[in-house]
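The structure appears right after this line, and notes come after that.
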Number of protein chains: 2
Amino acid sequence: MPEPTVPSVWARQRRAREQPALSQDRIVSEAVRLLDAEGVEALSMRALGARLGAGATSLYRHVANKDELIELVVDEVYGEMLVRDADDPVGWRTSVAECAHSLRAMVLRHPWVASVFGQVGLAQLGPNLMARSERLLALFRAAGFPPGEADQAMSTLIAYVVGMTTSEAAYLSLLARSGQTEQEWADSVRSTAEQAVRDHPRLRDEYAARRGDDPAKLRDDNFTYGLDRVLDGLAARVSG
Amino acid sequence: MPEPTVPSVWARQRRAREQPALSQDRIVSEAVRLLDAEGVEALSMRALGARLGAGATSLYRHVANKDELIELVVDEVYGEMLVRDADDPVGWRTSVAECAHSLRAMVLRHPWVASVFGQVGLAQLGPNLMARSERLLALFRAAGFPPGEADQAMSTLIAYVVGMTTSEAAYLSLLARSGQTEQEWADSVRSTAEQAVRDHPRLRDEYAARRGDDPAKLRDDNFTYGLDRVLDGLAARVSG
DNA sequence: GTCCCGCTGCGTACAGTGTGCGCAAGACGA
DNA sequence: TCGTCTTGCGCACACTGTACGCAGCGGGAC
């Protein structure tokens with residue numbers, strides 16, 4: 001254990017040669033394409049190398065190992081998360097809500113992030129995530145949270161978004177594996193639910209309220225509902 | 001290491017005859033022990049079989065494949081999650097808070113669950129999880145949430161807990177991999193933070209509020225803070 | 001009794017994984 | 001012209017999940 005401090009992947013010196021066929025950037029962005037196209041279980045060093053017209057072990061000149069590659073790839077997509085400036089006149093609540101929605105949209109665009117959240121988590125901060133959480137933290141500070149509380153508020157918000165989108169992505173990938181469309185699955189669930197309503201009539205109202213809606217819209221509403229509750233709870237600390 | 005003597009054919013036949021040496025229950029509970037002891041990357045069919053005194057492929061008589069084993073194992077630990085009865089006199093808010101804390105405690109006891117959340121998610125309901133979410137939903141119904149809203153409120157709560165504990169578990173496993181104790185890591189972070197404070201004096205209050213505390217307590221406080229905010233936001237829908 | 005069929009466990013085998021190691025070929029400073 | 005450094009490559013190794021077929025057993029049918 002020569003280096004007890006967390007090895008900074010990010011501090012590795014950039015290759016200053018001309019332009020080699022392989023580079024960390026090319027590897028990472030091609031990995032994102034592979035993951036988007038074929039999912040997380042299709043990411044192997046050999047497959048990725050083949051896509052780049054290179055052998056598997058050639059990648060190890062630019063990436064320490066597969067875990068580091070995954071960290072880099074995750075930070076890459078964090079770049080799609082948008083955070084307003086703290087002095088934007090729209091106010092902190094809408095800024096934070098927008099940020100939450102853009103984080104969710106990122107995860108739904110790249111559902112494989114959800115399946116590696118537990119491995120990399122938010123502890124390993126790449127430059128993209130670091131910059132964005134800095135800006136997000138600034139939003140909470142500008143909102144007027146007490147000194148030690150802004151980062152707690154931020155991690156509350158992030159925890160909600162991560163938890164909800166992880167569940168969504170897992171559910172969608174389960175759907176994809178089962179080969180059904182979302183609507184078919186909703187129909188099958190509804191039929192068993194209606195059976196349950198026949199047995200327990202007191203459940204009627206609950207299911208009646210949601211029957212027959214577009215499942216994607218239901219997911220959107222569900223996310224927005226929880227987000228509003230979280231923001232309500234946070235706003236009470238600063239305005240009340 | 002496991003058995004210095006060569007197992008005699010007789011002994012093997014005896015064991016096979018009496019009652020099945022392997023069963024799904026034995027496999028699942030031994031898998032939990034293995035995961036707790038050595039982490040998720042140590043779970044292989046061969047290693048698990050060896051712990052049970054069996055060959056790797058023997059497990060496939062009781063478990064379809066590794067993915068199914070993981071689903072079973074995850075549902076097994078969901079059994080440690082406690083949910084009060086809906087008619088318990090302590091009230092819905094404390095009941096829900098207790099449930100959230102017990103879910104978090106479960107994940108921290110079995111940190112490997114966090115790294116498979118993204119794969120199994122909450123969509124694949126095993127019997128344990130199903131029973132518990134039914135009881136939790138009853139808590140929200142009893143709290144007086146409007147018909148279609150109780151399950152949204154529940155998924156909000158669960159999303160927060162899952163997101164927060166997933167991050168915690170990932171952070172702790174990163175720590176474990178780096179071979180440091182939590183206190184050492186906190187110290188190293190503090191030193192860089194103090195450097196940042198020297199550069200940007202306006203950050204002083206933020207870090208001063210948390211300097212030198214027990215990191216485990218900080219994590220507890222952080223979780224409880226966010227939980228309170230989420231519950232505040234939810235309670236406003238039912239009491240206000 | 002005898003026969004057969006189920007269930008259970010085991011060993012072999014195969015395709016696929018991450019990655020350590022050593023070699024070759026080109027580029028660059030001396 | 002020499003090292004030396006960087007980049008890519010092929011081989012090899014240990015390890016993974018798991019398909020498949022075989023062997024011994026218990027219990028029911030005759």
Side-chain angles (χ1 to χ4, degrees), chain A residues 2 7 9 12-28 30-31 34-35 38-74 112 115-116 119-120 177, chain B residues 1-3 5-28 30-31 34-35 38-73 112 115-116 119-120 177:
Chain A
V9 177
R12 189 189 304 288
Q13 58 171 4
R14 276 267 140 65
R15 320 272 158 179
R17 282 271 176 265
E18 331 114 40
Q19 60 266 27
L22 256 39
S23 73
Q24 187 166 280
D25 284 348
R26 254 171 59 74
I27 290 174
V28 168
E30 189 63 40
L34 199 167
L35 286 164
E38 311 191 39
V40 68
E41 73 281 359
L43 175 64
S44 75
M45 302 305 274
R46 291 186 227 279
L48 181 56
R51 275 187 167 235
L52 290 160
T57 61
S58 304
L59 309 178
Y60 286 86
R61 294 288 174 190
H62 305 88
V63 161
N65 49 34
K66 193 181 180 181
D67 284 346
E68 182 185 294
L69 172 62
I70 289 181
E71 290 171 29
L72 291 165
V73 157
V74 169
W112 45 268
S115 50
V116 296
Q119 299 170 40
V120 294
R177 273 198 303 275
Chain B
M1 174 177 37
E3 211 130 7
T5 73
V6 177
S8 86
V9 183
W10 264 96
R12 264 198 331 231
Q13 290 170 349
R14 276 303 246 305
R15 190 187 48 213
R17 192 170 333 128
E18 294 160 6
Q19 74 237 12
L22 258 39
S23 71
Q24 187 165 284
D25 283 348
R26 254 171 61 72
I27 291 174
V28 168
E30 190 62 42
L34 199 167
L35 286 163
E38 311 190 39
V40 67
E41 73 282 357
L43 175 65
S44 75
M45 302 305 274
R46 289 181 228 273
L48 182 55
R51 276 187 165 234
L52 290 160
T57 61
S58 306
L59 308 178
Y60 285 88
R61 294 285 176 196
H62 305 88
V63 162
N65 49 36
K66 194 182 181 181
D67 284 346
E68 183 185 294
L69 172 62
I70 290 182
E71 290 171 29
L72 291 166
V73 157
W112 44 268
S115 51
V116 296
Q119 298 170 41
V120 295
R177 274 198 303 273

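The chains referred to below are lettered A, B, ... by the order of the sequence lines, with proteins before strands, and numbering in each begins at 1.
Over its length, the helix from C:dG1-D:dC30 to C:dA30-D:dT1 turns its helix axis by 10°, as judged from the five terminal pairs at each end, rounded to 10°.
Between the P atom of C:dG9 and the CZ atom of B:Arg26 lies a distance of 9 Å, rounded to the nearest Å. Taking atom CD of residue B:Glu41 and atom C1' of nucleotide D:dA14, one finds them 16 Å apart after rounding to whole Å. One atom, CZ of B:Arg61, and another, C1' of D:dG17, lie 16 Å apart when rounded to the nearest Å. Atoms CG (A:Leu48) and C1' (C:dG16) sit 16 Å apart, rounded to a whole Å. Summarising the geometry, the separation between CG on B:Leu69 and C1' on D:dT18 is reported as 13 Å, rounded to the nearest angstrom.
Annotation: side chain of A:Leu43 is not in contact with side chain of A:Val73 (no heavy-atom distance under 4.5 Å). In this structure, B:Leu72 and B:Ile27 have side chains that are not in contact, with every pair of non-hydrogen atoms separated by 4.5 Å or more.
When all heavy atoms are compared, the tightest approach of A:Gly49 to A:Leu59 is N-CD1, 3.9 Å. Residues B:Ser58 and B:Leu22 approach most closely at CB-CD2, 3.8 Å, considering heavy atoms. Here the shortest heavy-atom pairing between B:Val63 and B:Asn65 reads CG1-O, 3.1 Å.
For residues 56-73 of chain B, the set of pairs meeting the salt bridge (Lys or Arg N to Asp or Glu O under 4.0 Å) definition, not counting sequence neighbours, is empty. Here salt bridge (Lys or Arg N to Asp or Glu O under 4.0 Å) pairs that include residues 43-58 of chain A, with residues two or more places apart or in two chains, are A:Glu30-A:Arg51, A:Glu38-A:Arg51.
Listed pair B:His62 / C:dG9 meets the phosphate criterion, a side-chain N or O lying under 4.0 Å from OP1 or OP2.
Residues passing the side chain to side chain contact (heavy atoms under 4.5 Å, CB included) test with A:Ala50, sequence neighbours excluded: none.
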Give me the distances for all protein-to-nucleotides 18-20 of chain C N/O pairs that come in under 3.5 Å?
from, atom 1, to, atom 2, distance (Å)
C:dG18, OP1, A:Lys66, NZ, 2.8
C:dG18, OP2, A:Met45, N, 3.0
C:dG18, N7, A:Arg46, NH2, 2.9
C:dG18, O6, A:Arg46, NH2, 2.9
C:dT19, OP2, A:Tyr60, OH, 2.7
C:dT19, OP2, A:Lys66, N, 2.8
C:dT19, O5', A:Tyr60, OH, 3.4
C:dT19, O4, A:Arg46, NH1, 3.2

